[in-house]
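In the text below, chain A, chain B and the rest are named by the order of the sequence lines, each starting its count at 1.
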Amino acid sequence: MNKYRTHTCGELSIKDKNKKISLSGWINKKRDHGNLLFLDLRDNYGITQCVIDNTHQNFKELEKLPLESVIKIEGKVIERTKETLNKELNTGEIEISIISYEILGNTKELPMPVFSDQEYSEEIRLKYRFLDLRRKKIHQNIILRSKVISFIRSEMEKNGFLEFQTPILTSSSPEGARDFLVPSRLNPGKFYALPQAPQQFKQLIMVSGFDKYFQIAPCFRDEDARADRSPGEFYQLDLEMSFVEQEDVFEIVEKLMTNVFKKFSNKKMLYDKFPKISYSDAMIKYGTDKPDLRNPIIINQFTEVFKREDVSFDIFKKLVNKGSIVRGIVAKNTKDKPRSFFDGIDQWAKDQGASGLAYFTIEKDTELKGKGPVGKFFGQDSIKEIMKISNAEVGDSIFLACGKKGEVENILSMARDKIANDLNLINYDTFAFCWIVDYPMFEVDEKTKKITFSHNPFSMPQGNINKIDFSKPLEIKAYQYDIVCNGIELSSGAIRNHIPELMYKLFSIAGYNKKLVDEKFSGMINALSYGAPPHGGIAPGIDRIIMLLAGEKNIREVTMFPMNQNAQDLMMEAPSQITEEQLKELNLTFKKNK
RNA sequence: GGGGGUGUAGCUCAGUUGGUUAGAGCGAUCGCCUGUCACGCGAUAGGUCGAGGGUUCGAGUCCCUUCACUCCCGCCA
């Protein structure tokens with residue numbers, strides 16, 4: 001028999017009545033009646049109430065034990081009387097009459113309570129993460145994470161994928177995010193990089209003939225954190241398949257996502273079949289390539305309206321003459337909203353750094369007219385035109401943004417969320433997945449005005465390879481795709497370019513000559529020259545999937561040992577200083593700051 | 001790198017227009033209490049009001065600087 005326990009704290013029931021048992025766990029809570037003490041013992045599996053009274057020789061000692069002490073209890077399972085049942089606990093029909101106890105682990109005074117639904121500062125939670133993780137909600141989140149990953153593994157294996165590990169110490173690559181670098185002791189002056197993703201390796205696995213690969217892969221990117229972005233490291237379900245087209249990848253991943261979300265959440269899936277939206281459509285209709293499709297609002301194009309004679313809104317007209325565009329969204333049935341609602345949204349837009357949102361409400365007495373600050377600038381026919389474009393009706397309001405394409409897309413994509421939220425249009429009990437497809441191969445860097453890869457340099461351009469017009473690189477689309485759920489980008493992937501000549505050509509457009517490509521992507525380009533299969537894949541973000549399933553807004557709530565915003569581990573005190581000796585071994589010296 | 005928010009007891013927070021000795025709940029310590037499950041009751045201890053400087057007769061409160069945590073932009077798929 002196990003020395004510490006015969007049962008866990010979550011499993012005893014009325015069936016075990018009168019059994020002599022032992023439990024081990026933490027003292028979750030005590031209720032001390034002076035001559036009668038209730039003690040809730042907690043472990044990973046649940047809570048069991050234990051009871052002792054002053055006729056017992058150990059009563060005084062147990063009364064004094066601080067919460068979160070680890071103890072072993074030996075006792076007898078007693079059926080609770082009808083009045084004293086606790087329906088909230090699985091073990092609420094019974095309690096343990098304590099016969100003896102043993103202290104297994106003492107505790108100092110707690111820096112934060114474990115038994116409490118209060119929220120604590122991140123600083124204290126991260127420093128004492130082992131205490132924080134004992135708390136119910138986050139404990140359950142981490143268990144959920146384990147179960148989801150385990151389920152994904154078995155689904156992938158069922159689908160014939162093989163799991164492989166890829167190197168953690170690899171080479172730095174010029175594309176993408178900033179690398180974490182590791183100095184090489186044996187190669188002075190040279191550095192490894194931690195992989196931003198196993199991108200090249202998974203393609204090499206395909207070239208090596210393994211056909212279907214997956215991995216729950218750690219990815220390292222030295223970029224600043226966000227609520228949904230860990231600083232430093234995160235996990236992807238990295239997968240790659242040979243001899244496939246885009247649709248084959250979609251089929252596998254769509255099925256997987258559906259199975260995962262149906263199994264681990266009660267929320268409804270808005271679509272059985274994920275809609276496919278082209279990148280350019282997404283930018284026009286939603287102003288972003290990660291639209292929240294739970295939100296019914298769609299952006300409309302109104303630029304032409306501002307060229308009409310019966311529109312006298314001069315500020316916008318002048319801007320349109322100079323090449324600005326006008327787009328807008330409809331807020332349904334808002335004619336009775338107070339002025340503060342509209343001004344609030346305009347002010348909100350200004351707070352976001354936009355020049356504001358013009359708005360008016362469509363009214364009708366004898367004829368159509370616009371009510372609100374800019375309403376008077378629109379003649380009846382122009383309002384009809386606006387209603388035709390946007391399907392707006394009398395009683396609806398129009399919010400308009402004017403400016404450069406990027407600015408307008410940006411503010412309206414945010415306004416879509418803001419207004420839908422204010423008007424309560426979003427059903428939070430649903431998951432709305434979609435595919436964003438047909439990404440452009442290249443884009444122009446706003447700052448440098450140079451042409452760069454818009455996504456992943458290894459993607460396959462669309463169309464007949466022999467007929468691609470390389471003189472118009474911005475028109476080349478790629479077999480590149482993202483999965484978006486509820487406005488969160490879950491993953492991106494692509495059919496890869498497995499043809500070296502084409503790769504050189506595309507890289508040359510982005511300013512890499514052949515020599516540079518050979519140098520920076522030697523592993524890849526070399527491998528593609530020895531019989532590479534057509535292949536493609538994708539890499540859904542594990543952390544974000546868990547966030548959606550757990551309904552958490554912050555990635556730290558689904559990460560066991562996260563770092564803070566400054567990429568520090570407050571518990572382990574990483575990063576830390578190293579010794580002169582270590583530096584010397586690595587052939588490194590510090591540059592003194594002034 | 002830039003912008004916003006927060007910082008008061010071990011924890012969560014209140015603290016009015018600048019005005020006497022900075023409060024509450026939880027936790028801790030001590031006492032009372034035999035059916036609680038956020039048990040109840042009483043008492044005690046516990047404070048560099050993040051730090052530094054300034055204005056003022058007087059600063060938790062106003063100003064400046066700075067630090068920490070956090071959210072956002074940049075960055076990042």
Student: Tell me which nucleotide, if any, is Watson-Crick or G-U wobble paired with B:C69 when both distances must be under 3.5 Å.
Tutor: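 Pair assignment: B:C69 / B:G5.
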Student: Just compare B:C75, B:U70, B:A77 and give me whichever is closest to any side-chain atom of A:Arg178.
Tutor: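 The answer is B:C75, which lies nearest to the side chain.
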Student: Could you check whether A:Thr91 gets within reach of a base, just the sugar-phosphate, or nothing at all, counting any heavy atom under 4.0 Å?
Tutor: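 It contacts nothing in the nucleic acid.
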Student: State plainly whether the residues A:Glu93 and A:Arg80 are in salt-bridge range, i.e. N to O under 4.0 Å.
Tutor: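 Answer for the salt bridge query: no.
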Student: In whole angstroms, how far is the P atom of B:A77 from the CD1 atom of A:Ile545?
Tutor: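 It works out to 18 Å between those atoms.
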Student: Rounded off to whole Å, could you give me the CG-to-C1' distance for the A:Asp53 and B:C33 pair?
Tutor: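 Going from CG in A:Asp53 over to C1' in B:C33 covers 14 Å.
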Student: With both distances kept under 3.5 Å, what pairs with B:C26, Watson-Crick or G-U wobble?
Tutor: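 Looking at the geometry, B:C26 pairs with B:G10.
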Student: Could you tell me how far apart A:Glu83 (CD) and B:C39 (C1') are, to the nearest whole angstrom?
Tutor: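 That distance rounds to 17 Å.
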Student: May I ask you to verify whether the side chain of A:Glu95 and the base of B:G35 hold a donor-acceptor pair under 3.5 Å?
Tutor: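 Such a pair exists between side chain and base.
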Student: Any donor-acceptor pair under 3.5 Å between the side chain of A:Arg226 and the base of B:U70?
Tutor: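 Donor-acceptor pair under 3.5 Å: no.
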Student: Nearest whole angstrom, please: distance from the P of B:U36 to the CD1 of A:Ile52.
Tutor: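 After rounding, the gap between these two atoms is 19 Å.
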Student: Nearest-Å distance, CD1 (A:Ile47) to C1' (B:C37)?
Tutor: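 Value for this atom pair: 10 Å.
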Student: Look at all strands and tell whether A:Asn28 reaches a base, only sugar-phosphate, or nothing, counting heavy atoms closer than 4.0 Å.
Tutor: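 A:Asn28: no heavy atom of the nucleic acid under 4.0 Å.
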Student: When all nucleic acid strands are considered with a 4.0 Å heavy-atom cut-off, which category describes A:Leu85: base, sugar-phosphate, or nothing?
Tutor: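 Answer is base: heavy atoms of A:Leu85 come under 4.0 Å of a base.
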Student: Taking any strand in view, what nucleotide pairs with B:C41 in a Watson-Crick or G-U wobble way, both distances under 3.5 Å?
Tutor: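 Pairing partner, where one exists within any strand: B:G31.
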Student: Given that both distances must come in under 3.5 Å, which nucleotide forms a Watson-Crick or G-U wobble pair with B:G60?
Tutor: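 Checking every strand shown, B:G60 finds no partner, since no pair has both distances under 3.5 Å.
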Student: Name the residue closer to the 5' end of RNA chain B, choosing between A:Asn410 and A:His455 according to the nucleotide with the nearest heavy atom.
Tutor: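 It is A:Asn410 whose nearest nucleotide is closer to the 5' end.
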Student: Answer with base, sugar-phosphate or nothing: what part of the nucleic acid does A:Lys29 contact at a heavy-atom distance below 4.0 Å?
Tutor: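 Touches sugar-phosphate only.
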Student: Measure from the side-chain heavy atoms of A:Arg80 and tell me the nearest of B:G35, B:A28, B:C37.
Tutor: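 So the side chain of A:Arg80 is nearest to B:C37.
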Student: Choose from B:C72, B:C69, B:C37 the nucleotide whose nearest atom is closest to any side-chain atom of A:Asn566.
Tutor: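 Shortest atom-to-atom distance from the side chain points to B:C69.
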Student: Does A:Tyr120 reach a base, just sugar-phosphate, or nothing at all? Heavy atoms under 4.0 Å.
Tutor: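 Counting heavy atoms under 4.0 Å across all strands, the contact made by A:Tyr120 is with sugar-phosphate only.
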Student: Tell me what A:Asn54 touches on the nucleic acid: a base, only sugar-phosphate, or nothing, going by heavy atoms under 4.0 Å.
Tutor: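 Counting heavy atoms under 4.0 Å across all strands, the contact made by A:Asn54 includes a base.
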Student: Determine: side-chain N/O of A:Gln565 to OP1/OP2 of B:A68, distance under 4.0 Å, yes or no.
Tutor: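 So the side chain of A:Gln565 is outside the cut-off, no N or O lying under 4.0 Å from OP1 or OP2 of B:A68.
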Student: Roughly how far apart, to the nearest Å, are B:U8 and B:C13 at atom P?
Tutor: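 So the two P atoms sit 9 Å from each other.
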Student: Is it the case that A:Tyr479 and A:Asn497 place a side-chain donor and acceptor less than 3.5 Å from each other?
Tutor: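 Distance-only check fails for A:Tyr479 and A:Asn497.
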Student: In whole angstrom, what separates A:His56's NE2 from B:U34's P?
Tutor: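 It works out to 18 Å between those atoms.
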Student: Side chain of A:Lys64: nearest nucleotide among B:U34, B:C11, B:G31?
Tutor: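 Taking heavy atoms from C-beta onward, the closest nucleotide is B:G31.
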Student: Can you tell me how far C1' of B:C73 sits from CG of A:Asp228, to the nearest Å?
Tutor: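 Atom CG in A:Asp228 sits about 14 Å away from atom C1' in B:C73.
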Student: Using the P atom as the point on both nucleotides, what is the distance between B:G18 and B:C72, in whole Å?
Tutor: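 Comparing P positions in B:C72 and B:G18 gives a spacing of 34 Å.
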Student: Between B:G23 and B:U34, how far apart are the C1' atoms? Round to whole Å, please.
Tutor: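 Comparing C1' positions in B:U34 and B:G23 gives a spacing of 35 Å.
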Student: Any salt bridge linking A:Glu552 with A:Lys137? Criterion: basic side-chain nitrogen under 4.0 Å from a carboxylate oxygen.
Tutor: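 Yes, charged N to carboxylate O under 4.0 Å.
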Student: Classify A:Glu489 by what it touches in the nucleic acid, base, sugar-phosphate, or nothing, heavy-atom distance under 4.0 Å.
Tutor: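 Counting heavy atoms under 4.0 Å across all strands, the contact made by A:Glu489 includes a base.
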Student: Answer yes or no: does a side-chain N or O of A:Lys82 lie under 4.0 Å from OP1 or OP2 of B:G35?
Tutor: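 No, no such contact exists.
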Student: Reckon A:Arg556 touches a base, only the sugar-phosphate, or nothing at all at heavy-atom distances under 4.0 Å?
Tutor: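 Sugar-phosphate contact only - A:Arg556 comes under 4.0 Å of backbone atoms but never of a base.
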Student: In whole Å, what separates the C1' atom of B:C57 from that of B:A45?
Tutor: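 Pairwise C1' distance, B:C57 against B:A45, rounds to 35 Å.
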Student: Should the pair A:Glu68-A:Arg42 be classified as a salt bridge under the 4.0 Å nitrogen-to-oxygen rule?
Tutor: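 The answer is yes: the pair qualifies as a salt bridge.
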Student: Which nucleotide sits closest to the side chain of A:Asp224: B:C33, B:G35, B:C75?
Tutor: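 Nearest listed nucleotide: B:C75.
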Student: B:C72 C1' sits how many Å from A:Asn554 CG, rounded?
Tutor: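 Atom CG in A:Asn554 sits about 13 Å away from atom C1' in B:C72.
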Student: Taking atom P in both B:A38 and B:G74, compute the distance separating them and give it to the nearest angstrom.
Tutor: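 These two P atoms come out 46 Å apart once rounded.
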Student: Taking atom types as they are modelled, is there a donor-acceptor pair under 3.5 Å from the base of B:U36 to the side chain of A:Gln49?
Tutor: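 It does, because a donor-acceptor pair links the side chain of A:Gln49 to the base of B:U36 below 3.5 Å.
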Student: Is the A:Phe507 to A:Phe521 ring centre distance short of 6.0 Å?
Tutor: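 Yes, the ring centres sit under 6.0 Å apart.
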Student: Using atom types as modelled and distance alone, determine if a side-chain donor or acceptor of A:Thr170 lies under 3.5 Å from a backbone N or O of A:Pro167.
Tutor: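 Flag not set: sc A:Thr170 to bb A:Pro167 has no pair under 3.5 Å.
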Student: Ignoring the backbone of A:Glu223, work out which of B:C76, B:U12, B:G10 is nearest its side chain.
Tutor: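 Side chain of A:Glu223 sits closest to B:C76.
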Student: How is A:Ser121 classified with respect to the nucleic acid when contacts are heavy atoms under 4.0 Å: base, sugar-phosphate, or nothing?
Tutor: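 Answer is sugar-phosphate: A:Ser121 comes under 4.0 Å of backbone atoms only.
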Student: What's the gap between B:G60 and B:U55 when it is taken at their P atoms, as a whole Å value?
Tutor: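 16 Å, rounded to whole Å.
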Student: Considering just the side-chain nitrogens and oxygens of A:Lys108, establish if one lies under 4.0 Å of OP1 or OP2 belonging to B:G10.
Tutor: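 Checking A:Lys108 against B:G10: no side-chain N or O falls below 4.0 Å of OP1 or OP2.
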Student: Are side-chain N/O atoms of A:Tyr101 and A:Glu61 paired as donor and acceptor at under 3.5 Å?
Tutor: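 There is such a pair between these side chains.
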Student: Do A:Phe250 and A:Phe274 have their ring centres less than 6.0 Å from each other?
Tutor: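 No, the ring of A:Phe250 stays outside the 6.0 Å limit from the ring of A:Phe274, centre to centre.
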Student: Give the nucleotide from the list B:C11, B:C69, B:G35 with an atom nearest to the side chain of A:Gln118.
Tutor: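 Closest of the options to the side chain of A:Gln118: B:C11.
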Student: Does anything in residues 192-202 of chain A form a side-chain hydrogen bond (donor to acceptor under 3.5 Å, both in side chains)? List the pairs, not counting sequence neighbours.
Tutor: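 Counting only pairs at least two positions apart or across chains, the side-chain hydrogen bond (donor to acceptor under 3.5 Å, both in side chains) contacts touching residues 192-202 of chain A are A:Asp179-A:Gln196, A:Gln199-A:Gln203, A:Lys202-A:Asp238, A:Lys202-A:Glu240.
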Student: Can you tell me which nucleotide in B:C73, B:G27, B:U34 comes closest to the side chain of A:His33?
Tutor: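 Output: B:U34.
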Student: Between B:C26 and B:U61, how many Å separate the two P atoms, rounded to a whole number?
Tutor: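 Straight-line distance between the two P atoms is 29 Å.
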Student: Side chain of A:Arg221, base of B:C75: donor and acceptor closer than 3.5 Å?
Tutor: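 Answer is no: no donor-acceptor pair is held.
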Student: Any side-chain N or O of A:Asn86 below 4.0 angstrom from OP1/OP2 of B:U36?
Tutor: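 False: A:Asn86 side-chain N/O out of range (4.0 Å or more) of B:U36 OP1/OP2.
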Student: Look at the side chain of A:Arg229 and the base of B:C75, then say whether one donor and one acceptor between them are separated by less than 3.5 Å.
Tutor: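 Such a pair exists between side chain and base.
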Student: What nucleotide among B:C72, B:A77, B:C33 has an atom nearest to a side-chain atom of A:Gln196?
Tutor: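 The answer is B:A77, which lies nearest to the side chain.
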Student: Say we look at B:U36 and B:C30: how far apart would their P atoms be, to the nearest angstrom?
Tutor: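 Their P atoms lie roughly 26 Å apart.
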Student: Of all the nucleotides listed (B:C39, B:U70, B:U34), which has the minimum atom distance to the side chain of A:Arg31?
Tutor: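 Output: B:C39.
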Student: Touch check for A:Glu119, heavy atoms < 4.0 angstrom, all strands: base, sugar-phosphate only, or nothing?
Tutor: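 Since only primed, P, OP1 and OP2 atoms lie under 4.0 Å of A:Glu119, the category is sugar-phosphate.
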Student: What is the base-pairing partner of B:G47, counting Watson-Crick and G-U wobble geometry with both distances under 3.5 Å?
Tutor: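 With both distances under 3.5 Å required, B:G47 matches none.
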Student: Would you sort out whether A:Asp132 and A:Arg125 count as a salt bridge (charged side-chain N to carboxylate O under 4.0 Å, His left out), showing the intermediate values?
Tutor: CA-CA 6 Å; A:Asp132 193 31; A:Arg125 291 184 62 193; 2.8 Å; yes
